[in-house]
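Labels below follow one simple rule: chain letters A, B, ... track the order of the sequence lines, proteins then strands, and each chain is numbered from 1.
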Number of protein chains: 2
Amino acid sequence: MPNNQFRRGELYSFITGMASTAIARRLQKNFKQEGIEITIEQWSVLYHLWKTDGISQQELCNASFRDKPSITRLVDNLEKLKLVKRFPSQTDRRSNMIMLTDAAKKLQEKTMELAAKTLNEALEGVNASDVETAKKVLQQVYDNLK
Amino acid sequence: MPNNQFRRGELYSFITGMASTAIARRLQKNFKQEGIEITIEQWSVLYHLWKTDGISQQELCNASFRDKPSITRLVDNLEKLKLVKRFPSQTDRRSNMIMLTDAAKKLQEKTMELAAKTLNEALEGVNASDVETAKKVLQQVYDNLK
DNA sequence: TTTAATTAGTTGCATAACTAACTATATGCC
DNA sequence: GGCATATAGTTAGTTATGCAACTAATTAAA
C-alpha cells in the first residue's frame with residue numbers, strides 16, 4: 001500500500017497547482033505595476049538565457065520544461081518584442097543560437113528583484129524550514145514524473 | 001528583512017510551477033491511457049460539480065480559481081461533450097445552474113482513482129510528513145496571494 | 001555511398017488563460 | 001418609481017500549451 005495515499009478531497013489544489021498559479025498571477029501583476037510588459041512565460045525563457053546566452057531552442061526546451069512548438073512560438077514572440085534574436089548555429093545548420101538583445105539584458109536585474117519580491121509575498125508568514133521542505137518535495141515530484 | 005528571502009537561482013521551479021505542470025501532464029496521460037478523453041481543466045470543473053451539482057458559473061469560478069470567461073468556455077466545451085447542461089436559475093435570471101449529465105456522473109469514480117494514482121506516482125519516495133508540510137506551505141501561499 | 005533513422009525546428013489544430021468590453025438582470029439609494 | 005451601481009454571463013483579441021504532422025539537416029547502418 002502506498003505510503004502517501006491521498007484521502008479524496010485533499011488532492012485538488014495539489015493537482016491543479018493553485019499555489020503556483022497564484023504566484024504566476026502575482027508576478028505578472030508586479031511586472032505590470034513596474035511597466036514591464038512581458039509574460040511570465042517569456043520571462044522564464046529569458047531567465048535561462050541570462051544564465052547562458054546563445055543556447056539552442058532544444059536546450060531551452062529542456063531547461064524550461066516545454067516542448068518544441070512552445071519554444072518556437074515563445075522565441076517568435078520574444079523576437080517580435082526585440083528581446084532575442086535567432087542566429088544560425090555555425091556547427092549545425094538545423095540549429096539556432098538564441099541571443100539576448102541589450103534590451104533584454106536590461107530587464108534582468110529588475111525582473112529578478114520582482115520575482116524575489118513576489119516569492120516573499122507568497123511566503124509571508126511561512127516558516128523557513130517548511131519552505132525548504134516544500135522545495136524538496138516539489139523537486140522530488142518533478143524528478144518522479146519528468 | 002523578510003524571513004524567506006530567496007537566493008537567486010532557487011526560485012525558478014517554484015515560480016514556474018514545474019511540479020504541478022508535471023503532475024497535470026501525468027494525470028492527462030493517465031486519463032488517456034484509460035480512454036478518458038477530457039482535459040485536466042474540464043476534470044477540475046467536474047470535480048466541483050461532483051461535490052455540489054447544480055452550482056452557478058460564478059460559484060465554479062470561485063471554487064476553481066478561474067475567471068468568468070474561462071468558466072464560460074469550459075462549460076461550453078463540457079456541454080459540447082454532453083457532460084454538463086446549463087439550466088436557467090429559478091431565482092435569478094442572470095444565472096445558470098450547471099448540472100451534470102449521467103455520462104459525467106459515471107466519470108467520477110474512475111477519474112478520482114486515477115488522480116489518486118497520479119499523486120502516488122508523484123510522491124513516490126517522499127516522506128509522508130514532508131508531504132503534509134508541503135501541502136501546508138502551498139495552502140499558505142495560496143491564501144497569501146489569492 | 002546510399003539509405004534509414006534521428007534530431008532541430010516549424011506549422012496547424014484544439015483547448016485554455018487573461019484582459020477588456022459588452023449585454024442583461026438585480027439591487028441600492030434618492 | 002427611477003437612476004446608479006453591482007453582478008452573472010458572454011464575446012473578442014492575444015498569448016500559451018499539447019499533439020500530430022511536417023521539412024531540413026545530421027548521423028548511423030547496410
Visitor: Which whole-number value in Å describes the distance from Gln33(B) CD to dC19(D) P?
Guide: 13 Å
Visitor: Checking Asn77(A) now: which residues fulfil side-chain contact (heavy atoms from CB on, under 4.5 Å) with it, not counting sequence neighbours?
Guide: Gln42(A), Lys80(A)
Visitor: Between Asn77(B) and Arg93(B), which is nearer to the 5' end of DNA chain C once each is assigned its nearest nucleotide?
Guide: Asn77(B)
Visitor: Mind jotting down which residue pairs meet the ring pair (Phe, Tyr, Trp, His ring centres under 6.0 Å) criterion with at least one end in residues 126-146 of chain B? Sequence neighbours excluded, please.
Guide: Phe65(B)-Tyr142(B)
Visitor: Just by protein heavy atoms under 4.0 Å, how would nucleotides 2-11 of chain D read 5' to 3' in B, S and -?
Guide: -----BBBBB
Visitor: Could I get the full list of salt bridge (Lys or Arg N to Asp or Glu O under 4.0 Å) partners for Asp67(B), not counting sequence neighbours?
Guide: none
Visitor: Using a 4.0 Å cut-off on heavy atoms, which residues in residues 35-44 of chain B reach DNA chain C? List them by number, or say none.
Guide: Thr39(B), Glu41(B), Gln42(B)
Visitor: If you look only at pairs with a residue in residues 98-139 of chain B, which of them pass as a ring pair (Phe, Tyr, Trp, His ring centres under 6.0 Å), with sequence neighbours excluded?
Guide: none
Visitor: Applying side-chain hydrogen bond (donor to acceptor under 3.5 Å, both in side chains) as the test, list every pair that has at least one member in residues 96-105 of chain A; sequence neighbours left out.
Guide: Gln57(A)-Asn96(A)
Visitor: Name all residues meeting the side-chain contact (heavy atoms from CB on, under 4.5 Å) criterion together with Glu34(B); count only those two or more places apart in sequence or in a different chain, and write none if there are none.
Guide: Ile36(B), Lys110(B), Leu114(B)
Visitor: For Arg94(A), what residues pass the side-chain contact (heavy atoms from CB on, under 4.5 Å) criterion, not counting sequence neighbours?
Guide: Asp92(A)
Visitor: Quick check for you: name the first and last nucleotides of DNA chain C, 5' to 3', having an atom under 4.0 Å from a heavy atom of chain A.
Guide: dT7(C) to dC18(C)
Visitor: Any ring pair (Phe, Tyr, Trp, His ring centres under 6.0 Å) involving residues 89-134 of chain B? Give me the pairs, sequence neighbours left out, ordered by first then second residue.
Guide: none
Visitor: Cut-off 3.5 Å, side chains only: do Glu124(B) and Asn120(B) have a donor facing an acceptor?
Guide: no
Visitor: Sorted by first residue and then second, give each ring pair (Phe, Tyr, Trp, His ring centres under 6.0 Å) pair with at least one member in residues 109-130 of chain B; sequence neighbours left out.
Guide: none
Visitor: Send over the distance from Lys29(B) NZ to dA20(D) P, rounded to a whole Å.
Guide: 13 Å
